[in-house]
Amino acid sequence: MRKILSIVSVAFFAGRTRTCFAQIDSPEWTVAYSKAKVAVQTLSLSDKVALTTGPCTGNIPAISTINFPGLCLEDSPLGVRGADKVSAFPAGINAAATFNRTLMRARGSAMAAEFRGKGIHVQLGPMMNLMRTPASGRAWEGFGGDPYLSGEGAYETIMGIQSQGVQAVAKHLINNEQEHSRDASSSNVDDRYNAYVHHQQHEIYLHPFLRSVQANVAAVMCSYINGTYACESNSTLNGLLKTELAFQGYWQATHTTAASVNSGLDMTMPGAPFLFSIFGESLVLAVQLMKTVAEERITDMATRIMAAWYLLGQDTGYPEVNFDSRDILGIFPASKHVDVQGDHAKLIRTIGAASTVLLKNAHNALPLKLPKSIAVIGSGAGSNPSGPNSCLLNACNNGVLAMGWGSGTAGFPYLVAPLDALTTKAKKDGTQVTSALSDFDLQAAARAASGKEVAFVFITADSGENGQTVEGNAGDRNNLQAWHGGDALVQAVAHVNPNTVVIVNAVGPIIVEAWIDNPNVTALVWSGLPGQEAGDSLVDILYGDCVPSGRLPYTIGKSINDYPAQVDYTSSKATVHINYTEGLFVDYRHFDMENITPRFEFGFGLSYTQFEYSTLVLMGSPAGGVSRSGYGSSLDPKLHEKAVTVAFTLKNTGAISGHEIPQLYIALPALTNSPPSILKGFDSVFLAAGEVRAVTFQLSRYDLSVWSVVRQRWEVPNGAIGVMVGPSSRNLPLKATISAAGAK
Ligand SMILES: *[C@@H]1O[C@H](CO)[C@@H](O)[C@H](O)[C@H]1NC(C)=O
Ligand SMILES: *[C@@H]1O[C@H](CO)[C@@H](O)[C@H](O)[C@H]1NC(C)=O
Ligand SMILES: *[C@@H]1O[C@H](CO)[C@@H](O)[C@H](O)[C@H]1NC(C)=O
Ligand SMILES: *[C@@H]1O[C@H](CO)[C@@H](O)[C@H](O)[C@H]1NC(C)=O
Ligand SMILES: *[C@@H]1O[C@H](CO)[C@@H](O)[C@H](O)[C@H]1NC(C)=O
């Protein structure tokens, strides 16, 4: 996929309302468009082309005649890259693990406040490609292995970002699910998966982009698909995006001139001179001399870009750019080093804790109760001795792992190491702390752990963008094992300590079979990639100041071979064809379909309290909604209005207060050959000890539909649709069916 994405990195410096969605041609866009049309009318062809081209690092130039100050575009999906005095937020994968829309939106909003504070108009995120293969290098930037969860992550993040007047960019449309050969691969996605006509592309990969458009996303960034760069794929840009999703913003990143523009591309990724030559003067020539592009297309491109600028209100009172990403030495006079962090550290710590997934907790090993002694073991508990920003693009695994590597990173203002946070807590409690931070000195690890009340072992697994290779992993991971011999480290500690607590900081699943059933391993805590407050968030969970409610946004299998698809590691000059032959059966959909028992299923996570589910009631029917086809077909308001209300009772039967994450899955009729259960609802519900609450979910016709390739529209299938509710994808105690009679 996407030669262009690697160029993007070069260019960028070694760089609930569920009902409240945009309608087709939303009023907000209509107002923005009328302003944009007035402004663009007065522009010359060169001015219009300039709007679509970036001559310098992440900047679209100013056009003084219409008081347009230019645009500054900047990475990344987890914070401002290329600037100091900014925050390093939890990664997308951790935002997903919260299963909490409020926190997802708050994260987007806090990040965007920092982009705005630096004068940046466009945040190059969120990233919403699915974790199709468990070892995929950049999947941690996104929201995991499920389209619905990813869609909610994308929607809430964009609503948050754009609430600050910053333009969000949904990326990468589409099928950009591995790093190997991304410069020279084609994702071959079946139009039709099987006998029943529904669509892998629509039902799995496009959904997060649909939710992005519903959030009025300003821009979309492309990938490479079906042997065509998505930047010049007419079916992707003009077909999927601008017609079906009625997308009104603009679309960026390219490698050709006329072909891309004529297929619907609106802006090249500004930055490198090479790219300047793709659009810029070449585009003027394409219109005037070669006549391969019509001026109306250029006017449309400019109007879309201006409309997005008006949509976000960037025409009034927007801060000027006050940093320079090339200013590594801090000597550029224009860099004002504005501190934009506000009180975001608190939110980062909250999300860090809310995204921590408790996977094993034998004999209530956690939370800790004033332990007399603890041992802290493994390099992942400590700090990088050279500082948290000492590796270019975070491309190293040394010290606590709080984000992956590549352009999807931000500089750390500081990084709280677990050892430091545990030591601070231990001082208050009078707990003795012993540490052994070498991953390979197993004797030292055993000595430190021996005789201690609790032994914490930290293990990691890292990945990132393919521009860097870390410990032999060229972007994608080579396997799903813990790095640095993590299994041996856990075993050495568990051999001597009957209360071994394992903490995992990883970009995705790792195989834990070597030790998970060892009775001395009493607890497993999945900390993911929690951002700058890593240690503090962890201590909040370990000591029970926060009650765990995080859930796995992907499946942890017993073997890499249990997963439906793998990274294609082929290195070849010719195009590598990545065939999405698993169809609809991504992540848990495959485990369920093939009856493969995972170690920990999608949506799983323990609490320090217990919850009871009862009394499921369904009201309403999906009957009677025929969605339109053609322009805006996937945004049809009839399709998205409430059709079925699902209500049930949730009780906290334990002794302490906490959040439960109830999840709703549907089972489509057998003739659709669909996965056995499909996530279509979740919430994060706070219940005091003993409290009972009614919880409701709303399902739309869209939620209950499959894509008809023949009629090119969404349709509720005939037959009974199962509705299941419970605490994880494999623990669904409440079941009922909806009769979709008449729906067609
Ligand atoms: C990919 O190719 C298939 C088969 O030719 C086609 O049906 C499908 O629409 C293409 N997808 C895109 C996004 O171009
Ligand atoms: C491009 O896609 C649009 C929308 O699907 C379609 O109307 C148009 O005919 C396509 N153009 C080409 C050249 O295929
Ligand atoms: C568990 O720890 C004890 C030491 O407390 C040790 O004797 C025993 O061998 C360990 N068991 C395993 C399975 O490692
Ligand atoms: C993918 O499909 C193409 C075209 O059908 C085929 O040539 C290729 O061998 C397949 N690749 C793999 C890895 O199966
Ligand atoms: C989400 O998390 C916040 C912070 O922990 C909590 O206050 C809230 O109850 C949770 N649920 C929702 C739906 O916001």
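Indexing begins at 1, ligand by ligand and atom by atom, following the structure's order. Keep in mind it's a predicted model, so treat the numbers as computed, not measured. Count residues from 1 along the sequence.
For atom 9 (O) of ligand 3, the nearest non-hydrogen atom of the protein is His495 O, 4.0 Å. Counting protein heavy atoms only, atom 5 (O) of ligand 3 is closest to Pro498 CD, 3.4 Å. If you check which protein heavy atom lies closest to atom 1 (C) of ligand 3, you get Asn520 ND2, 1.4 Å. The protein heavy atom nearest to atom 13 (C) of ligand 3 is Asn518 OD1, 3.5 Å.
Comment: Asp517 engages Arg599 in a salt bridge, judged by a side-chain N to carboxylate O separation of less than 4.0 angstrom. Ion pairing between a basic and an acidic side chain is recognised when a charged N comes within 4.0 Å of a carboxylate O; Glu156 and Arg105 show such pairing. One finds no salt bridge joining Lys85 and Glu114 here, because no Lys/Arg side-chain nitrogen approaches an Asp/Glu carboxylate oxygen to under 4.0 Å. Salt-bridge annotation for Glu660 and Arg693: absent, with no side-chain N of the basic residue lying under 4.0 Å from a carboxylate O of the acidic one.
Using a 4.0 Å cut-off between heavy atoms, Arg101 makes no contact with ligand 5 at all.
Ranked by closest heavy atom to atom 4 (C) of ligand 5, the top entry among Leu687, Leu103, Ile661 is Leu103.
Residue-ligand proximity, Thr102 to ligand 5, at heavy-atom distances under 4.0 Å covers atoms 12 (C), 13 (C), 14 (O). Heavy-atom proximity to His659, at under 4.0 Å, picks out these atoms of ligand 5: 6 (C), 8 (C), 9 (O), 10 (C).
Ligand 3 has no N or O atom lying under 3.5 Å from any N or O atom of Asn497, backbone or side chain. Checked by distance only, ligand 5 and Asp683 stay at 3.5 Å or farther apart across all their nitrogen or oxygen atoms.
In this structure, Phe89 CZ and Leu347 CG are separated by 6.5 Å, a value rounded to the nearest 0.5 Å. A distance of 11.0 Å separates CG of Leu552 from CG of Leu149, quoted to the nearest 0.5 Å.
You'll find the side chain of Leu358 reaches within 4.5 Å of the side chain of Leu366, heavy atoms only.
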